[in-house]
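Inspection log for the structure reproduced underneath, given as structure tokens.
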Amino acid sequence: ARSGHGTHVVGSLTGWADRGGIPGKYDGIAQRARLVFTDLGDQYGDLYPPSDLAASYFPRPYEYGARVHSDSWGGDSTRYDSLCEDVDRFQFNNPDFLYVIAAGNTGTAGWDTVATPGNAKNGLSVGSQYSTYSSFEHKCGIVDDQVAMTCSADGVDHVTNHPDYFTSNNLACYSSLGPSGPDHRLKPDIVAPGHYVVSARSDGDNNSPTDQCYELGNSWAFIESGTSMAAPGVAGSAILLRQYLTEGRWPDGKPNNARGIAPSAALLKALLLAGATPLDGGVFWRCEDSKISMPGDVNYYAGFGGLTLNA
């Protein structure tokens, strides 16, 4: 597809903003990790996922060695459907395969809005928390930085006068909510920053970046928001965590092959959820001014909380 969506997501996952060989704040989480990419869209931005994900979508990257699969797409249904079944079946048959999926951006519609296949039982469903306040400042050009954006006068006023709204302690108001299904499964599982994320811009013929970033005079990146932007942050963290365990770096951080293990997807998922930090803010219900506090550390808004890899 020519939207640039996939390029942006991959940049957050494994990108390397090579600035003279110096790691920078715009690098991906698991920079320069090996990648298998599947384009599910056409030139018009419409998605055409295979009818059987377990048979026609997951096997190829798995055969190439991919053990963490990051997905920033979803359907319209919130039912447990055949796509969810495909996810659960493939993970059951391949227990070292972790499926990370964006929860969706329909939280303003209320409860039970995590869409297929984000509501699969075995997958790791990712919602979006707001990014740091400074990211909103960058977006609206309020502070000087290498990345400068523009907002309307009303947008600048809203950011500067509502610092309690634009904080990573809050769930993004559009992030899809649980519970999922008649059994009230906990979804999303975890949240990560997904609002105003700077990442790679496609160099193809695309209509994507209405919000352009300019770094040293070159249009190389742009800003997007959504759970699609949050999911690769979690997937990249899962890749780093998996490397940490396979290289035997626990407990002192030093590689030791004798201590290395091949972690299951269940172990990676458990470690990510156990290390998550509960959001101590809330959510502005339906993106309006009424703020709802998080009902306990684990809830249907943000799951186990915000991604925290160093916990």
Quiz item: What are the two closest non-hydrogen atoms of L171 and M294, and how far apart are they?
Solution: CB-CE, 3.6 Å
Practice problem: Show the numbers, then the answer: is there a salt bridge (charged side-chain N to carboxylate O under 4.0 Å, His left out) between R79 and D81? | Solution: CA-CA 6 Å; R79 296 183 299 107; D81 62 7; 5.4 Å; no
Quiz item: What's the shortest heavy-atom distance between L177 and G107, and which atoms?
Solution: CD1-O, 4.0 Å
Quiz item: Which pairs, with at least one residue in residues 92-120 and sequence neighbours excluded, count as a salt bridge (charged side-chain N to carboxylate O under 4.0 Å, His left out)?
Solution: R67-D96
Quiz item: Should the heavy atoms of other residues, nucleotides or ligands under 6.0 Å from CZ of F92 be counted, would the total exceed 12?
Solution: no
Quiz prompt | Partner set under side chain to side chain contact (heavy atoms under 4.5 Å, CB included) for D252, not counting sequence neighbours | solution = K254, R259
Exercise. Identify the two heavy atoms, one from G127 and one from A230, that lie closest to each other, and give their separation to 0.1 Å.
Key: O-CB, 3.4 Å
Quiz item: Considering all heavy atoms of both residues, which atom of G123 and which atom of K187 are nearest to each other, and what is their separation?
Solution: O-NZ, 3.2 Å
Practice problem: First locate atom SG of C173, then atom NZ of K291, and finally report the distance between them rounded to the nearest 0.5 Å. | Solution: 12.5 Å
Quiz prompt | Atom CG of N93 with >12 non-hydrogen neighbours under 6.0 angstrom | solution = yes
Quiz item: Are V234 and I239 linked, directly or through other ILVMFWY residues, by side chains that come within less than 4.5 angstrom of each other?
Solution: yes
Quiz item: Sequence neighbours excluded, which residues qualify as side chain to side chain contact (heavy atoms under 4.5 Å, CB included) partners of L273?
Solution: L124, D189, I190, K269, F304
Quiz item: Does V197 belong to the same Ile/Leu/Val/Met/Phe/Trp/Tyr cluster as L240, with side-chain heavy atoms less than 4.5 Å apart forming each link?
Solution: no
Exercise. Any chance you could pull the hydrophobic cluster mates of F58, using side-chain heavy atoms under 4.5 angstrom and chaining through other members?
Key: L40, L47, L53, Y57, Y62, W73, L83, V87, F90, F97, Y99, I101
Quiz item: Do you know which two heavy atoms are closest between P117 and C84, and how far apart they sit?
Solution: CA-SG, 3.9 Å
Quiz item: Can you list the residues that meet the side chain to side chain contact (heavy atoms under 4.5 Å, CB included) rule with A238, with sequence neighbours excluded?
Solution: V68, L98, L272
Self-check item: Remaining members of hydrophobic cluster (4.5 Å side-chain criterion), V36
Solution: Y64
Exercise. Measure the OH-CG distance between Y301 and L279 for me, rounded to the nearest 0.5 Å.
Key: 12.0 Å
Quiz item: How far does CD1 of I292 sit from CG of N170, to the nearest 0.5 angstrom?
Solution: 11.5 Å
Quiz item: How close do Q129 and S168 get, heavy atom to heavy atom, and via which atoms?
Solution: NE2-O, 2.8 Å
Self-check item: Same apolar cluster: M229 and V100, side chain cutoff 4.5 Å
Solution: no
Practice problem: Step by step, work out the side-chain contact (heavy atoms from CB on, under 4.5 Å) result for Y244 and L309. | Solution: CA-CA 12 Å; Y244 185 87; L309 196 59; over 6 Å; no
Exercise. Find out if a path of hydrophobic residues (ILVMFWY) with successive side-chain heavy-atom gaps under 4.5 Å connects V191 to L13.
Key: yes
